[in-house]
Amino acid sequence: MRKSYIYALLVGIMVAWGLNVTALKILVEHFSPVTLTALRIFTAGVVVLLFLWGIGRLRKVGWKEAKQIGLAAMFSVVAHHFFLAVGLTRTTAVNAGLVLGMVPLVTALLAMVFLGQRPTMFRLLGIALGFFGVMFVVANGNGGLGHLSVGDVYVFLAVLAQGISFIMIKKATVDARVMTGWMLIFGSLWLFVLGLVLEPRGLSSLKEGTPLLWTIFLASAVVATALGHMFYNQAVQHLGPAESAVFINLNPFFSLLGAHWLLDEPVSWAQGLGFVLIVAGVVLGSGGMDDVSARFRRTNVATRGGRKAGMW
């Protein structure tokens, strides 16, 4: 698969994921969040498996592969979507979208620890800037500066869970698309059990849905979750977790626009500054500046070599 195609696909996924934060904010305000998430993830899993069956890529998995899928599902689906759904009931879509922009930095940090990637000056600076940016975002809670919203903490835990899952997906031996489908199915079943325990009236809340809400539900499940996660996980296996995660810096931008335009949520100076710091941190922390620096050094070496050759 050509890199240019993967890059274009990733940008499209970021648009869907950014607007999906607004969609989820709307849904969790009308339905029980965990039960709704279980149904949404199960719908997405069915769509992925049907898609793979249609193109002849659906296959059985062995016990070793099933263990990889099950473990990754606990982080990628159960933990990530549980904390995100609950977090969105206690924070704004703007804040959630900006905190989700930390995924590349967390992924880069985990890649240093678990994949042996060496930390560079740019990466360490980027991680520091990114976390400082999140401090500006979460400090702009309902209580003003110095107030930490528990919803923002839940969203950050969702970020951490997703970063861990990307490392697992990179190390897995299963095709990313097959892995995504089964992860969504397994994870949704665990979420459904959690919903039964935590939300006794969760299933009855689904009766309150309107045609508009169910349209938003299907768009979120099919476009953002099913197709978005399937193709993103495929990009992770092609490009690696850190390089793929660089594109997630577009996620908070589209989340911010969606929340402002569709939910009329205000954007404060602290959130704007936090967004700038997070994007700068992503560019530095995910290796973007390292690549630029390496190309610059290679160009200088080639130029010097050419000059020396010309002297003789």
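The figures here come from the full heavy-atom set of this structure, side chains too, leaving out hydrogens, waters and symmetry mates.
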- Report yes if the side chains of L194 and V78 come closer than 4.5 Å at any heavy-atom pair, otherwise no. yes
- Are L50 and V47 linked, directly or through other ILVMFWY residues, by side chains that come within less than 4.5 angstrom of each other? no
- For P33 against V28, the heavy-atom pair lying closest together: CB-CG1, 4.0 Å
- Item | Counterpart residues, ring-ring contact (aromatic ring centres under 6.0 Å, His included), relative to F31 (two or more places apart) | W214
- Note on the structure: Residues passing the side chain to side chain donor-acceptor pair (under 3.5 Å) test with T210, sequence neighbours excluded, are none
- When every non-hydrogen atom of A93 is compared with those of L88, the smallest separation belongs to CA-CD2, 4.4 Å
- Message: Can you give me the closest heavy-atom contact between L36 and F217, atom names plus distance?
- Response: CD1-CD1, 3.8 Å
- Query: With a 4.5 Å limit on heavy-atom distance, are the side chains of I41 and I185 in contact?
  - Reply: no
- Is there a path of hydrophobic side-chain contacts, each under 4.5 Å between heavy atoms of I, L, V, M, F, W or Y residues, that connects L100 with V11? yes
- Message: When you compare the side chain of F83 with that of V155, does any pair of heavy atoms fall below 4.5 Å?
- Response: no
- Query: Just wondering, do Y232 and L10 contact through their side chains at under 4.5 Å, heavy atoms?
  - Reply: yes
- Taking all atoms of both residues into account, what is the closest heavy-atom pair of T43 and L39, and its distance? OG1-O, 2.8 Å
- Applying ring-ring contact (aromatic ring centres under 6.0 Å, His included), name anything that partners F42, two or more places apart in sequence or on another chain. none
- Message: Measuring from atom CZ of R90 to atom OH of Y154, what distance do you get when rounded to the nearest 0.5 angstrom?
- Response: 4.5 Å
- What are the two closest non-hydrogen atoms of A73 and G187, and how far apart are they? CB-N, 4.3 Å
- Query: For V193, which residues count as a side-chain contact (heavy atoms from CB on, under 4.5 Å) partner, sequence neighbours excluded?
  - Reply: none
- Query: Counting N and O atoms only, with roles assigned by atom type, does the side chain of Q162 sit under 3.5 Å from a partner on the main chain of V159, one being a donor and the other an acceptor?
  - Reply: no
- Spacing of I216 atom CD1 and I26 atom CD1 [to the nearest 0.5 Å]: 4.5 Å
- Query: Where the side chain of S76 meets the backbone of A72, is there a donor-acceptor pair that is under 3.5 Å apart?
  - Reply: no
- Message: Tell me every residue that passes side-chain contact (heavy atoms from CB on, under 4.5 Å) with L196, counting only those two or more places apart in sequence or in another chain.
- Response: F192, L203
- Query: Rounded to the nearest 0.5 Å, what separation is found between the CZ atom of F156 and the CG atom of L84?
  - Reply: 14.0 Å
- Message: So, using side-chain contact (heavy atoms from CB on, under 4.5 Å) as the criterion, who are the partners of K67 when residues are at least two apart?
- Response: W63
- Message: Applying side chain to side chain donor-acceptor pair (under 3.5 Å), can you list everything that pairs with S188, at least two apart in sequence or on another chain?
- Response: none
- Say you draw a straight line from CG of N233 to CG of L184; how long is it, rounded to the nearest 0.5 Å? 8.5 Å
Which donor-acceptor pairs under 3.5 Å do the side chains of residues 16-23 make with protein atoms, sequence neighbours left out?
from : atom 1 : to   : atom 2 : distance (Å)
W17  : NE1    : A224 : O      : 2.9
N20  : OD1    : S220 : OG     : 2.6
T22  : OG1    : A259 : N      : 3.2

- Task: Taking ring-ring contact (aromatic ring centres under 6.0 Å, His included) as the test, write out the residues that go with H80, two or more places apart.
- Result: none
- Residues in side chain to side chain donor-acceptor pair (under 3.5 Å) contact with T91, at least two apart in sequence or another chain: D152
- Query: When clusters are formed by joining ILVMFWY residues with side-chain heavy atoms under 4.5 Å apart, either directly or through shared neighbours, do V222 and L49 land in the same one?
  - Reply: no
- Got F166 and F75 here, is their nearest side-chain heavy-atom distance under 4.5 Å? no
- For the atom pair OG1 (T215) and CG (L213), what is the distance rounded to the nearest 0.5 Å? 8.5 Å
- Message: If I compare all heavy atoms of G181 with all of V48, which pair ends up nearest, and what's the gap?
- Response: CA-CG1, 3.5 Å
- Does V223 share a hydrophobic cluster with L212, counting links as ILVMFWY side-chain heavy atoms below 4.5 Å and allowing steps through other members? no
- Message: Filter on side-chain hydrogen bond (donor to acceptor under 3.5 Å, both in side chains), then keep only pairs touching residues 25-40, sequence neighbours left out; what's left?
- Response: S32-S205, T35-E199, R40-H81, R40-T225
- Message: Using salt bridge (charged side-chain N to carboxylate O under 4.0 Å, His left out), reason through E65 and R59 one step at a time and then give a plain yes or no.
- Response: CA-CA 12 Å; E65 295 172 325; R59 66 175 182 84; 3.2 Å; yes
- Note on the structure: Taken in chain and number order and not counting sequence neighbours, the residues that satisfy side-chain contact (heavy atoms from CB on, under 4.5 Å) with I55 are F51, L52, R57, R177
- Distance (rounded to the nearest 0.5 Å) between F231 CZ and T180 OG1: 10.0 Å
